[in-house]
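The structure under discussion appears below in the form of structure tokens.
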Amino acid sequence: MNYATIKKCDIANGTGVRVSLFVSGCRHHCLGCFNEEAWDFHYGQVFNEDTIQEIMDALKPSHVEGLTLLGGEPMDLDNQEGILPLLQRVKNELPDKDIWVYSGYILDDLLPGGRAHREITDEILSYVDVLVDGPFVQDLKDISLRFRGSSNQRLIDLKETLKQKEVILYQGKDFYRK
Ligand code: SF4
């Protein structure tokens, strides 16, 4: 996996101050995509153990609430192997940090039988607190929405959703305005 950039003080992609990893590679090619350069799976730098350590170090300060993965498409079948060891380390070593993932796939695509499900997907999803799902749809663009670009995208409380086996929208931290 390659990645485009790491933001170490991001307040735009999830609650609080976050470390955000923008992975490379996306096959959705949404009209109006904010980040077309990251469609290329070879864009940016190679994601390796040093990158993971850099992210772990950036996550440690107490004012950092958690990690956000976006891109690009973190849940692409070819990127899931890249993000899994990072999520394992965060959950093992920094369990108080929450994890948000932005995906152009909808939740059903990521569940067993879905087009973006593979043998490691369930483990990845088990580490995710909030999944922002669905592609960006230009006709549904709404700049008043927080943490998402178009109204089809959902902020899903993934832990509760997997537990209750129905989609539970994230209601935390006084931000869900629509
Ligand atoms: S899923 Fe995200 S990165 Fe991929 S094309 Fe759509 S908006 Fe761009």
Side-chain angles (χ1 to χ4, degrees), residues 1-4 10 12-15 18-36 38-41 43 47 51-52 55 65-92 95 97-138 140 145-172 175-176 178:
M1 183 176 85
N2 276 25
Y3 71 101
D10 187 3
N13 296 296
T15 52
R18 315 188 64 79
V19 176
S20 294
L21 169 69
F22 292 73
V23 309
S24 296
C26 183
R27 300 174 213 271
H28 300 297
H29 296 193
C30 308
L31 184 68
C33 170
F34 71 108
N35 197 13
E36 275 190 35
W39 292 358
D40 179 359
F41 283 78
Y43 181 77
F47 183 83
T51 323
I52 292 177
I55 292 170
E65 191 164 310
L67 171 69
T68 296
L69 303 184
L70 63 170
E73 175 54 87
M75 296 306 293
D76 186 277
L77 290 169
D78 288 339
N79 282 342
Q80 291 186 27
E81 272 175 24
I83 65 170
L84 178 58
L86 169 63
L87 298 187
Q88 288 170 331
R89 278 201 63 186
V90 173
K91 276 297 144 189
N92 284 335
K97 307 293 180 179
D98 63 12
I99 295 175
W100 286 47
V101 172
Y102 283 76
S103 177
Y105 292 109
I106 60 169
L107 176 61
D108 279 353
D109 293 327
L110 301 168
L111 296 176
R115 63 187 172 132
H117 184 271
R118 53 175 294 186
E119 74 285 1
I120 57 174
T121 311
D122 292 343
E123 182 180 356
I124 290 172
L125 294 183
S126 76
Y127 300 134
V128 176
D129 296 286
V130 177
L131 174 70
V132 186
D133 83 335
F136 172 71
V137 177
Q138 180 99 311
L140 299 176
L145 299 170
R146 291 184 74 191
F147 306 135
R148 56 199 172 121
S150 55
S151 58
N152 61 295
Q153 295 171 315
R154 301 174 294 183
L155 277 71
I156 295 174
D157 180 335
L158 197 55
K159 296 243 181 292
E160 280 303 308
T161 293
L162 295 176
K163 200 188 317 175
Q164 299 188 31
K165 298 193 184 338
E166 65 172 311
V167 173
I168 306 293
L169 296 178
Y170 184 63
Q171 300 291 341
F175 71 84
Y176 205 88
K178 286 197 177 180

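Computed from heavy atoms alone, side chains included, the values below leave out hydrogens, waters and symmetry copies.
Between Ile124 and Leu110 there is no side-chain heavy-atom pair separated by less than 4.5 Å. Residues Phe147 and Thr15 meet the side-chain proximity criterion, which asks for heavy atoms closer than 4.5 Å. Lys159 is not listed as a side-chain neighbour of Ile168, based on a closest heavy-atom distance of 4.5 Å or more. Using a 4.5 Å heavy-atom threshold, the side chains of Leu69 and Leu67 count as touching. When side chains are defined from C-beta on, Gln153 does not count as touching Leu140, because their heavy atoms never get closer than 4.5 Å. At least one side-chain heavy atom of Gln80 sits under 4.5 Å from a side-chain heavy atom of Met75.
Under the side chain to side chain donor-acceptor pair (under 3.5 Å) criterion, Asn79 pairs with no residue at all, not counting sequence neighbours. Partners of Pro112 by side chain to side chain contact (heavy atoms under 4.5 Å, CB included), not counting sequence neighbours, listed by chain and number: His117, Asp122. In this view, Tyr105 and His28 satisfy the ring pair (Phe, Tyr, Trp, His ring centres under 6.0 Å) rule, not counting sequence neighbours. In this structure Asp10 satisfies the side chain to side chain donor-acceptor pair (under 3.5 Å) test together with Asn13, Ser20, sequence neighbours excluded. Annotation: side chain to side chain contact (heavy atoms under 4.5 Å, CB included) contacts of Leu107 (sequence neighbours excluded): Leu111, Leu131, Asp133, Arg154, Ile156, Leu158, Thr161, Val167. Here Asp109 pairs with Arg115 under the side chain to side chain donor-acceptor pair (under 3.5 Å) rule; sequence neighbours left out. Partners of Glu36 by salt bridge (Lys or Arg N to Asp or Glu O under 4.0 Å), not counting sequence neighbours: none found. The salt bridge (Lys or Arg N to Asp or Glu O under 4.0 Å) search around Arg27 returns Asp76, Asp78, not counting sequence neighbours. Contacts of Glu160 classified as side chain to side chain donor-acceptor pair (under 3.5 Å), with partners at least two apart in sequence or in another chain: Lys163, Gln164. By the side chain to side chain contact (heavy atoms under 4.5 Å, CB included) test, Ser126 is found to be paired with Glu123, residues two or more places apart in sequence or in another chain being considered.
No donor-acceptor distance shorter than 3.5 angstrom exists from the side chain of Asp108 to the backbone of Gly114, with no hydrogens or angles considered. Within the 3.5 Å criterion, the main-chain N or O of Tyr102 finds no donor-acceptor partner in the side chain of Arg148. Under a 3.5 Å cut-off, the side chain of Asp129 and the backbone N or O of Ile99 do form a donor-acceptor pair.
Below 30°, between 30° and 60°, or above 60°: for Trp100 and Tyr170 the angle between ring planes is above 60°, a perpendicular geometry.
Shown here for Ala38 and Gly72, the closest heavy-atom pair between the two residues is CB-N, 3.7 Å. Between Phe47 and Ile55 the shortest heavy-atom distance is CE1-CD1, 4.0 Å. Considering every non-hydrogen atom in both Tyr43 and Ala4, the closest pair reads CE2-CB, 3.5 Å. Smallest separation of non-hydrogen atoms from Ser150 and Val137: OG-N, 3.1 Å. Between Ile52 and Pro85 the shortest heavy-atom distance is CD1-CB, 4.2 Å. Between Phe34 and Phe22 the shortest heavy-atom distance is CE1-CE2, 4.3 Å.
Going from atom CG of Leu70 over to atom CG of Asn35 covers 8.0 Å, rounded to the nearest 0.5 Å. In this structure, CZ in Phe41 is found 11.0 Å from CE in Met1, a value given to the nearest 0.5 Å. Taking NZ from Lys91 and CG from Leu86, the interatomic distance works out to 11.5 Å, rounded to the nearest 0.5 Å.
Between the side chains of Glu73 and Ser103, at least one donor-acceptor pair of N or O atoms lies under 3.5 Å.
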Let me see the working for Thr121 and Arg118 under side chain to side chain contact (heavy atoms under 4.5 Å, CB included), right down to the final yes or no. CA-CA 5 Å; Thr121 311; Arg118 53 175 294 186; 3.4 Å; yes

